Amino acid sequence: MPSLPPDPARLVQRLIALVNRKSAGESTAFMHASGLTMPQIVVLYALRRGEASITRLAKRLRMSLPATSQLVDRLVTARLVDRSEDASDRRMRRVTILPAGLRFLEELGEMRLREIEDALGSLSPGSRSALALALLRVVEELERELDGLVAPPAHRRRRLALVSRRP
């Protein structure tokens with residue numbers, strides 16, 4: 001009986017855990033020192049691609065509108081994002097990331113990149129090359145899907161439809 005191929009999700013999870021065990025100190029300390037929570041950092045990443053309404057952020061984060069509004073309030077107070085009235089619908093609030101929020105993400109990203117480079121630095125050249133080629137294919141496919149050029153696989157479309165129908 002042939003063996004089943006390894007589960008890619010579990011392998012990625014193991015890889016992330018191994019990289020974190022080898023290297024995550026600087027970025028973890030930076031996030032802690034910032035005083036931001038993980039959901040607040042996720043909001044900053046979501047806004048890096050462009051402005052969004054509170055409603056859209058809530059849907060993206062799968063959070064209630066009041067909880068999302070409180071998250072945004074704290075980011076506004078920290079001067080990392082700006083919230084303004086929508087010009088065409090005064091009931092809507094638009095949220096945009098400010099330069100300080102972008103700087104935070106850039107600094108965090110650079111730290112994390114250095115940590116990952118350090119963690120993967122001990123791999124053999126052959127393993128590094130194989131990993132890079134495999135990851136390139138996966139990243140390009142996921143980017144096309146997120147950019148709307150490719151529909152998600154059928155099993156994800158069903159799950160997404162179920163999630164979007166929840167009250």
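Nothing here was measured: the structure is a model prediction, and the numbers come from that model.
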Does [X] have more than 12 heavy atoms from other residues, nucleotides or ligands lying within 6.0 Å of its [atom1]?
{"X": "Q13", "atom1": "CD", "result": "no"}
{"X": "R74", "atom1": "CZ", "result": "yes"}
{"X": "K22", "atom1": "NZ", "result": "yes"}

Nearest 0.5 Å please: distance from the [atom1] atom of [X] over to the [atom2] atom of [Y].
{"X": "L133", "Y": "R128", "atom1": "CG", "atom2": "CZ", "answer": "12.5 Å"}
{"X": "E115", "Y": "E110", "atom1": "CD", "atom2": "CD", "answer": "11.5 Å"}
{"X": "Q40", "Y": "Q70", "atom1": "CD", "atom2": "CD", "answer": "11.0 Å"}

Practice problem: Please confirm whether the backbone N or O of P66 pairs with a side-chain atom of S69, one donor and one acceptor, at under 3.5 Å? | Solution: no
Quiz item: Is the backbone N or O of D73 less than 3.5 Å from a side-chain atom of T77, with the two atoms forming a donor-acceptor pair by type?
Solution: yes
Is there a side-chain contact between [X] and [Y], using heavy atoms and a 4.5 Å cut-off?
{"X": "L102", "Y": "R48", "value": "yes"}
{"X": "R144", "Y": "E140", "value": "yes"}
{"X": "E85", "Y": "R94", "value": "no"}
{"X": "V42", "Y": "L71", "value": "no"}
{"X": "L80", "Y": "I97", "value": "no"}
{"X": "R60", "Y": "V43", "value": "no"}
{"X": "L44", "Y": "L36", "value": "yes"}

Quiz item: Would E117 and R114 pass as an ion pair if we require N to O under 4.0 Å?
Solution: no
Hey, quick one: are [X] and [Y] part of the same hydrophobic cluster, counting side-chain heavy atoms closer than 4.5 Å, chains of contacts allowed?
{"X": "M63", "Y": "V76", "value": "yes"}
{"X": "M38", "Y": "L108", "value": "yes"}
{"X": "I54", "Y": "Y45", "value": "yes"}

State, to 0.1 Å, how close [X] and [Y] come at their nearest heavy-atom pair, and which atoms those are.
{"X": "R79", "Y": "L98", "value": "O-CD1, 3.6 Å"}
{"X": "R112", "Y": "S27", "value": "CD-OG, 3.6 Å"}
{"X": "S23", "Y": "A119", "value": "OG-CB, 4.0 Å"}

Exercise. Would you mind listing the cluster partners of V19? Hydrophobic ones only (ILVMFWY), side-chain contacts under 4.5 Å, chaining allowed.
Key: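 Listed partners: L15, I116, L120, L123, L131, L135.
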Exercise. Apply the side-chain contact (heavy atoms from CB on, under 4.5 Å) test between L47 and each candidate in V72, T96, L75, L57; give the one that qualifies.
Key: L57
